[in-house]
Every structure is written in structure tokens, then in C-alpha cells.
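Worksheet: one structure, shown below.
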Amino acid sequence: MTTHHSPFREDALEGKRILITGGGSGLGAEMALHLAEHGAEVHLWGRRESALAETQERIHATAPDRVHYQRQ
């Protein structure tokens, strides 16, 4: 599932739910992607729905059913 080298197991965050504010772009989006790739369910919050939806689709491609978003 992971597209990059990581020292962590793919299931290292299995069962964890993580809220990321500003998760639609930049560092928030990248962190969300990596956290989901390691088993976490990520919840993205942000101001721009289009950015949140785009990040959700990007994460869904590699980690289905592990991402949700809400516009603030």
C-alpha cells in the first residue's frame, strides 16, 4: 500500500482515529496520507471543501474507507 519507504509497519496505527485540522492541503494533507497508509482512520477538517474532497480522493486511492472530511 505504501508508495515510499517507511520504517513502520503498514498496520502500526490500526484502530487509531486521528483528526487533522488544515488537512486539505500542504503538510496536513501529506500527514493524513501517510497516517492512513499505516492503518489510521483520518478525519480532515478545513475551510475549503474542494481541497478536502481532493485530498480525500487521493487518500481513498491507497487507503479506502480510512478517510473522512468536514468543512469548518
Side-chain angles (χ1 to χ4, degrees):
M1 179 184 308
T2 303
T3 59
H4 58 279
H5 176 71
S6 174
F8 303 105
R9 296 187 334 248
E10 286 187 11
D11 65 347
L13 297 172
E14 194 71 40
K16 303 294 183 186
R17 289 183 285 174
I18 301 171
L19 170 66
I20 301 174
T21 59
S25 62
L27 289 174
E30 291 300 315
M31 288 180 2
L33 176 65
H34 294 291
L35 293 169
E37 287 179 340
H38 287 90
E41 180 181 330
V42 294
H43 296 264
L44 310 174
W45 280 11
R47 292 177 288 145
R48 296 178 298 134
E49 187 162 7
S50 60
L52 292 167
E54 183 177 312
T55 300
Q56 180 186 37
E57 286 301 315
R58 186 172 159 214
I59 294 170
H60 187 74
T62 58
D65 302 322
R66 290 192 186 154
V67 61
H68 311 277
Y69 77 84
Q70 180 176 337
R71 186 174 168 271
Q72 292 176 315

Subject >> Contact summary for Thr55 and Ser25, nearest pair of heavy atoms >> reply: OG1-N, 4.2 Å
Subject >> From Leu52, Leu44, Leu35, residue fulfilling side-chain contact (heavy atoms from CB on, under 4.5 Å) relative to Val67 >> reply: Leu44
**OP:** Determine whether His38 and Arg66 make a side-chain contact, defined as any pair of heavy atoms from C-beta on separated by less than 4.5 Å.
**Re:** no
Original post:
Of all heavy-atom pairs between Ala40 and Ile18, which one has the smallest distance, and what is that distance?
Top reply: CB-CD1, 3.8 Å
Original post:
Rounded to the nearest 0.5 Å, how far apart are CG of Leu33 and CD of Glu37?
Top reply: 4.0 Å
Subject >> Distance, nearest 0.5 Å, that separates CD of Glu54 from CD1 of Ile59 >> reply: 11.0 Å
**OP:** Check the surroundings of atom CD in Glu41: do more than 12 heavy atoms from other residues, nucleotides or ligands lie under 6.0 Å from it?
**Re:** yes
Original post:
Hey, what else clusters with Trp45 if you join Ile, Leu, Val, Met, Phe, Trp, Tyr whenever side-chain heavy atoms sit under 4.5 Å?
Top reply: Leu19
Subject >> Nearest heavy-atom neighbours spanning Gln56 and His68 >> reply: NE2-CA, 4.1 Å
Original post:
Do Thr21 and Gln72 come close enough that some side-chain heavy atom pair is under 4.5 Å?
Top reply: yes
